[in-house]
Amino acid sequence: RWVLSLQCRGSRNFMNALRRAVEVDFKDKDKQKSQGIYLLTTGIPDQETHIISAYMSEVCRGFDLQLHVCLFSVMEDVDSSGIIPARYANPTETAIAFKEIAHAANGRFHWFGEAGIFESDDITVIVSEIEKANSYSQKCAFLVESLKQRS
């Protein structure tokens with residue numbers, strides 16, 4: 001179910017947008033099996049990361065609400081309207097902050113830019129599964145080889 005699009009024009013008042021999404025649009029959350037908030041962003045919120053993480057952790061406790069973050073890194077420090085945000089962080093600091101927020105809200109984090117994907121929780125899980133399968137395959141090959149040598 002798609003609820004709304006949150007825009008913070010001229011600022012990144014993320015807490016205000018989150019409160020609106022969670023407290024107004026998810027008020028019937030007990031009737032829903034699963035709900036998620038998808039944040040598409042290019043920069044750090046105006047509020048401190050630990051405040052947003054604590055809020056989202058509390059809000060998501062007890063039911064299946066998740067905040068998934070897609071961070072798009074752009075090269076410019078000023079948005080297209082020429083407004084400098086109230087809080088600034090470089091792309092790496094921004095990614096670290098949003099990863100913490102997404103994980104506090106039981107969500108997934110994805111970071112990409114014009115050059116491609118920098119980090120993705122989904123890709124990390126897939127790579128981990130591939131490495132695990134490769135490890136099991138090597139162990140099986142070793143076991144088969146040792147059984148062949150015994151016989």
Side-chain angles (χ1 to χ4, degrees), residues 1-8 12-15 17-23 25-26 28-80 85 87-151:
R1 178 174 153 228
W2 292 92
V3 178
L4 71 145
S5 169
L6 302 174
Q7 295 181 351
C8 307
R12 294 192 176 112
N13 190 344
F14 188 64
M15 282 297 291
L18 270 180
R19 281 191 182 114
R20 178 167 164 24
V22 172
E23 295 170 9
D25 295 310
F26 288 101
D28 62 345
K29 61 189 173 196
D30 296 330
K31 298 176 187 172
Q32 304 295 327
K33 289 190 176 205
S34 177
Q35 293 183 337
I37 299 172
Y38 292 82
L39 171 67
L40 309 175
T41 186
T42 59
I44 194 92
D46 289 346
Q47 296 79 21
E48 294 293 325
T49 303
H50 69 277
I51 294 170
I52 297 170
S53 293
Y55 175 75
M56 287 309 298
S57 179
E58 181 67 28
V59 165
C60 294
R61 185 176 296 137
F63 70 101
D64 193 17
L65 172 64
Q66 300 162 338
L67 171 68
H68 306 291
V69 177
C70 295
L71 172 63
F72 184 76
S73 286
V74 293
M75 295 311 201
E76 300 174 9
D77 293 338
V78 178
D79 70 13
S80 60
R87 184 170 171 228
Y88 174 80
N90 68 38
T92 303
E93 293 167 336
T94 301
I96 290 168
F98 275 118
K99 185 175 185 177
E100 178 184 323
I101 292 167
H103 291 171
N106 303 316
R108 297 185 320 267
F109 173 73
H110 309 285
W111 178 24
F112 60 101
E114 295 168 350
I117 299 170
F118 301 122
E119 182 177 349
S120 170
D121 287 345
D122 292 346
I123 291 173
T124 301
V125 169
I126 291 169
V127 168
S128 173
E129 288 295 318
I130 290 170
E131 289 171 351
K132 192 184 302 181
N134 186 37
S135 173
Y136 288 142
S137 176
Q138 289 174 352
K139 289 176 184 176
C140 288
F142 178 74
L143 179 62
V144 168
E145 189 59 36
S146 71
L147 289 174
K148 282 182 182 178
Q149 289 178 1
R150 284 187 181 180
S151 61

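Hydrogens, waters and symmetry mates play no part in the numbers below; they use all other heavy atoms, side chains included. All of these numbers come straight from a predicted model, not from anything done at the bench.
What you find for T94 and G43 is that their closest heavy atoms are CG2-C, 3.8 Å. Contact detail for N106 and L65: the closest heavy-atom pair is ND2-O, 4.3 Å.
Within the model, atoms CG of L71 and NZ of K99 stand 12.0 Å from one another, a figure rounded to the nearest 0.5 Å. Atom CZ of F109 is separated from atom CG of L39 by 10.0 Å, given to the nearest 0.5 angstrom.
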- [ ] Kindly indicate, with the supporting measurements, whether the criterion side chain to side chain contact (heavy atoms under 4.5 Å, CB included) is fulfilled by I37 and L18.
- [x] CA-CA 9 Å; I37 299 172; L18 270 180; 4.3 Å; yes
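Counting only residues at least two apart or on different chains, the side-chain hydrogen bond (donor to acceptor under 3.5 Å, both in side chains) pairs with a member in residues 120-131 are H103-D121, R108-D122, H110-S120. Pairs of residues two or more places apart, or lying in two chains, never qualify as salt bridge (charged side-chain N to carboxylate O under 4.0 Å, His left out) while including a residue from residues 133-151.
Under the side chain to side chain contact (heavy atoms under 4.5 Å, CB included) criterion, L143 pairs with S146, L147, sequence neighbours left out.
Side-chain rings of F112 and F72 approach one another, their centers coming within less than 6.0 Å.
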Acceptor/donor pairs from residues 47-63 side chains to any protein atom, 3.5 angstrom cut, sequence neighbours excluded:
from: Q47; atom 1: OE1; to: F14; atom 2: N; distance (Å): 3.2
from: Q47; atom 1: OE1; to: M15; atom 2: N; distance (Å): 3.3
from: Q47; atom 1: NE2; to: N13; atom 2: OD1; distance (Å): 2.8
from: S53; atom 1: OG; to: T49; atom 2: O; distance (Å): 3.1
from: S53; atom 1: OG; to: E100; atom 2: OE2; distance (Å): 3.2
from: Y55; atom 1: OH; to: E23; atom 2: OE2; distance (Å): 2.9
from: E58; atom 1: OE1; to: R61; atom 2: NH1; distance (Å): 2.7

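No option in I117, V69, T92 other than T92 meets the side-chain contact (heavy atoms from CB on, under 4.5 Å) test with W111.
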